[in-house]
Student: 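Once you've had a glance at the structure underneath, I'll fire off some questions.
Per chain, numbering begins at 1; letters A, B, ... match sequence-line order.
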There are 2 protein chains.
Amino acid sequence: MKRTTIQDVAQAAGVSITTVSRVINNNYPVKASTRKKVEEAVDTLKFKPNLLARSLIQNSTKTVGILTPSIENLFFSEVIKGVDSILKEKGYTTFLCHTEGEATNEVEVIHSLVDRRVDGMVVLDPRKENVVSGYFEELAKRVPLLLVNGYAQGTGCSYVLNDGEGGARMALKYLITEGCKRIVFLRGKKSHSYDIKEEVYLEFMKAHGMESRILRIKDGNDIKTVEQAKEAVADYIRSGEKPDALLACNDWMAVGALSGAKSEGLLVPKDMRIIGFDNTIISMITEPKLSTVDQQMTKLGQLAGNRIYKMMTTKDIENQKTYLETRLMIRES
Amino acid sequence: MKRTTIQDVAQAAGVSITTVSRVINNNYPVKASTRKKVEEAVDTLKFKPNLLARSLIQNSTKTVGILTPSIENLFFSEVIKGVDSILKEKGYTTFLCHTEGEATNEVEVIHSLVDRRVDGMVVLDPRKENVVSGYFEELAKRVPLLLVNGYAQGTGCSYVLNDGEGGARMALKYLITEGCKRIVFLRGKKSHSYDIKEEVYLEFMKAHGMESRILRIKDGNDIKTVEQAKEAVADYIRSGEKPDALLACNDWMAVGALSGAKSEGLLVPKDMRIIGFDNTIISMITEPKLSTVDQQMTKLGQLAGNRIYKMMTTKDIENQKTYLETRLMIRES
DNA sequence: TTGTACGCGTTATCAC
DNA sequence: GTGATAACGCGTACAA
């Protein structure tokens, strides 16, 4: 399975490899007749330049790695599509890798990408361990690196972030104006975005002299989220509590909460209001349709795409943090 | 940002690059003391071999490309995770690329991967155009290629496939034994898997002397599927029809169908039974829970992972087609 | 306008 | 055990 090289083309066209290279890259003047000969040879031999060799000498692979904790979460899918669309347009190929939300996997995958000399990396929802340990900060010195959402306190990295804080506050304010008094907060175990929202929630409830109540489920991103959220909410209601509103950290949880409330005979939104987070498609297929905080996922992705591009093409190393505002989508819950 | 090379390490350790290479790859005897010197130099210089250079000479990147039409479809996510888990274990890095279901994108992405010298490729639900045009058959001669599901008639390619045919037949048989008489079939526009199921449906209905009725919606994979399916089913019922069962080509459609039936006042499963396809998580979050045909997605992915591995490591070029059986999951619909 | 020769960072080959 | 040196396939000064 010997592949044809630039040598073969040169020989077939009766010119030197230099000339072939020039025709292919179209970066130096070549006589029209020569160019034609070369192009013909390229066609008949179906020559495709070996990008490994090219990358080796140019020190650039025109490749960007995208890391995500999960490919089952529609939130990430949308963001990824946003990043992708921008980078593709700029002539980059993107490779998607998933880490199952494990910090060790994250490091491992990153090493693999670095070893393969990607030109840059975008990490969605980076693991907090790797942020606080200074791993990313160190990494950012050696390769263009952009983090999207996730823990961002005092780190020397570039970020593009959703304003989850603002979103949570907006949702809570809305619930208050609607007359809700007993607002419950539903979150997964470990994610910085959950922490942020919880903080806002606690502070908000305290400021309004209301009692706070937090329900916790295991993960939050994986397949079991819905079932776990349902259980948690149903249990809570069964225990005699009478919540009149619930704020969930993402739409999967909200779906589960809805299901749990229904199963215990509560009517949504009459008895209990529910607001989710992300505005993914699933918030629209439930009955009633879920109100949610729109995080503008596509836009977030595009923002990230443009930013990493700038980082790769200029020497812009200053670590900038860009926040994207959120919007409240009131539907039927 | 000059990276440290094997040269630097050799110099620091006072040995030749050959020796350094031997220590790193651990493939030739090296005196213990020398090895130690080299390892220290590697550590202090934080040397990481350039995989591009290595791949160039070894003619292998230890990399596999996975193509999917969509990263929003939970069916594909599961399959991908299956493939991934196997290949990772074998020491390969996988790169995921998505094509938005466009045949032209598919070709483009494949070229990019080939140019980057991936050792193999797994294509989920390949576009029919590229199958019938012989594109894949041609490609398979130059690089280990495995297709998963999709049109497989008379092509010289290796396949791993779900037995959608058997699954559809199983579901229909079940509905009959449950006494259903007016069974409707719901499908999306273009996908070979839909075609297969439709064929079985038509043949089955004819054999049982029942009238067939097919509802068609636009795409089937994208975000609008649920809404479109709901509309289609609601319209159908409003037109005066009284279906007592519906077989949908995937779970998204089944969710929409359920919603449509409900909106027209039909009770599921009392008035009308619904069976979906795939057994994705969403089939479990509806009320009632959806019955569906389990396609064993993870297992399918693992099968694919093992198969492409064999193709890459041996010269096993015979194009084999492996079918994975489906199972009927009866829940509440 | 074209060609020669070197270098990118590794591993493979063959001496010693 | 170890070290020169030639590959791998391509881009690009430099020379012609």
Side-chain angles (χ1 to χ4, degrees), chain A residues 1-39 41-42 45-63 111-112 114-119 142-143, chain B residues 1-39 41-42 45-63 91 112 114-119 142-143:
Chain A
M1 224 207 269
K2 179 79 179 64
R3 306 205 49 124
T4 79
T5 75
I6 200 171
Q7 280 285 2
D8 307 328
V9 179
Q11 199 163 345
V15 297
S16 75
I17 59 167
T18 309
T19 306
V20 177
S21 172
R22 283 171 184 155
V23 169
I24 290 170
N25 297 301
N26 198 26
N27 50 2
Y28 281 92
V30 174
K31 208 192 332 182
S33 61
T34 328
R35 152 161 283 131
K36 186 133 182 272
K37 275 194 300 182
V38 172
E39 280 168 348
V42 166
L45 294 179
K46 292 191 210 298
F47 170 66
K48 298 288 258 164
N50 185 330
L51 259 43
L52 294 179
R54 176 182 288 172
S55 299
L56 188 59
I57 193 170
Q58 299 198 140
N59 210 30
S60 155
T61 53
K62 282 287 187 180
T63 289
H111 276 157
S112 172
V114 170
D115 290 349
R116 286 179 171 75
R117 300 298 188 269
V118 292
D119 290 348
R142 327 199 97 257
V143 50
Chain B
M1 225 208 271
K2 179 78 178 63
R3 306 203 49 121
T4 80
T5 77
I6 201 172
Q7 279 284 2
D8 306 328
V9 179
Q11 199 164 345
V15 298
S16 75
I17 58 170
T18 309
T19 306
V20 177
S21 173
R22 282 174 184 150
V23 170
I24 290 171
N25 297 301
N26 199 28
N27 49 2
Y28 281 92
V30 174
K31 202 178 0 172
S33 61
T34 339
R35 152 162 282 129
K36 186 133 181 271
K37 275 194 301 184
V38 172
E39 281 168 348
V42 166
L45 293 179
K46 295 191 210 295
F47 170 67
K48 299 287 257 163
N50 185 330
L51 260 44
L52 293 180
R54 175 181 291 172
S55 299
L56 187 58
I57 192 166
Q58 298 199 335
N59 210 29
S60 154
T61 52
K62 282 287 188 181
T63 290
S112 172
V114 170
D115 290 349
R116 287 180 171 74
R117 297 300 187 270
V118 292
D119 290 348
R142 326 198 98 259
V143 51

Student: Side chain of Ile57(B), heavy atoms from C-beta onward: which of dT11(C), dT2(C), dG9(D) has the nearest atom to it?
Tutor: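 Among dT11(C), dT2(C), dG9(D), the one nearest the side chain of Ile57(B) is dT11(C).
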Student: So, do Asn26(A) and Arg35(A) sit near enough that their side-chain heavy atoms are less than 4.5 Å apart?
Tutor: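 Answer yes - side chains close enough.
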Student: Judged by each residue's nearest nucleotide on DNA chain C, which is more toward the 5′ side, Val15(A) or Pro49(B)?
Tutor: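 Its nearest nucleotide being more 5', the pick is Val15(A).
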Student: Counting only side-chain heavy atoms from C-beta out, which of dT10(C), dA4(D), dC10(D) sits nearest to Ala53(B)?
Tutor: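 Taking heavy atoms from C-beta onward, the closest nucleotide is dT10(C).
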Student: Whole angstroms only, please: what is the CD-C1' distance between Gln58(A) and dT12(D)?
Tutor: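 The distance from CD of Gln58(A) to C1' of dT12(D) comes to 10 Å, rounded to the nearest Å.
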Student: Without decimals, in angstroms, what is the distance between Arg22(B) CZ and dG1(D) P?
Tutor: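 Spelled out: CZ on Arg22(B) to P on dG1(D) is 11 Å.
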Student: Base, sugar-phosphate, or nothing: which does Ser21(A) touch, judged by heavy atoms less than 4.0 Å apart?
Tutor: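 It contacts base atoms.
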Student: What's the CZ-P distance between Arg54(A) and dG9(C), to the nearest Å?
Tutor: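 Result: 18 Å.
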Student: Would you mind reading off the distance between Ile6(A) atom CD1 and dT4(C) atom P, rounded to a whole angstrom?
Tutor: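 Computing the Ile6(A):CD1 to dT4(C):P distance gives 14 Å.
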Student: Tell me which nucleotide among dG9(D), dG1(D), dT2(C) gets nearest to the side chain of Pro29(B).
Tutor: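 Nearest listed nucleotide: dG1(D).
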Student: Tell me whether the side-chain N/O atoms of Asn27(A) come closer than 4.0 Å to OP1 or OP2 in dT12(D).
Tutor: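 For Asn27(A), the contact criterion (side-chain N or O under 4.0 Å from OP1 or OP2 of dT12(D)) is met.
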Student: Report yes if the side chains of Ile24(B) and Phe47(B) come closer than 4.5 Å at any heavy-atom pair, otherwise no.
Tutor: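 Yes. Closest side-chain heavy atoms under 4.5 Å.
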Student: Look only at the side chain of Arg116(A) and the backbone of Thr61(B), and say whether a donor-acceptor pair between them is shorter than 3.5 Å.
Tutor: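 It does hold such a pair.
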Student: Nearest whole Å is fine: how far is dG3(D) P from Ile17(B) CD1?
Tutor: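 It works out to 11 Å between those atoms.
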Student: Has Thr19(A) got a side-chain N or O lying under 4.0 Å from the OP1 or OP2 atom of dG3(C)?
Tutor: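 Indeed, a polar side-chain atom of Thr19(A) lies that close.
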Student: Could you tell me whether Thr34(A) contacts a base, only the sugar-phosphate backbone, or nothing, with contacts defined as non-hydrogen atoms closer than 4.0 Å?
Tutor: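 Result for Thr34(A) = sugar-phosphate.
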Student: What is the distance, to the nearest angstrom, from the CZ atom on Arg117(A) to the C1' atom on dG9(C)?
Tutor: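 Answer to the nearest Å: 9 Å.
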Student: Take the protein atom NZ of Lys36(B) and the nucleotide atom P of dG1(D), then report the distance between them rounded to whole Å.
Tutor: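 Value for this atom pair: 18 Å.
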Student: Thr5(B) side chain N/O closer than 4.0 Å to the phosphate oxygens (OP1, OP2) of dG9(C)?
Tutor: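 No, outside the criterion.
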Student: Classify Thr18(B) by what it touches in the nucleic acid, base, sugar-phosphate, or nothing, heavy-atom distance under 4.0 Å.
Tutor: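 Contact class for Thr18(B): base.
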Student: Think Asn25(A) has a side-chain N or O under 4.0 angstrom from the OP1 or OP2 of dG11(D)?
Tutor: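 It does, given that an N or O in the side chain of Asn25(A) lies less than 4.0 Å from OP1 or OP2 of dG11(D).
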Student: Give a yes/no on whether any side-chain N or O of Tyr28(A) is located under 4.0 angstrom from OP1 or OP2 of dA13(D).
Tutor: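 For Tyr28(A), the contact criterion (side-chain N or O under 4.0 Å from OP1 or OP2 of dA13(D)) is met.
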Student: What's the CG-P distance between Asn50(B) and dG7(C), to the nearest Å?
Tutor: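 Taking atom P of dG7(C) as the reference, CG of Asn50(B) is at 18 Å.
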Student: CD of Gln11(A): more than 12 outside heavy atoms within 6.0 angstrom?
Tutor: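 Open.
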Student: Going by distance alone, is a donor N or O of one side chain under 3.5 Å from an acceptor N or O of the other, for Arg117(B) and Ser55(B)?
Tutor: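 Note: Arg117(B) and Ser55(B) side chains miss the donor-acceptor criterion.
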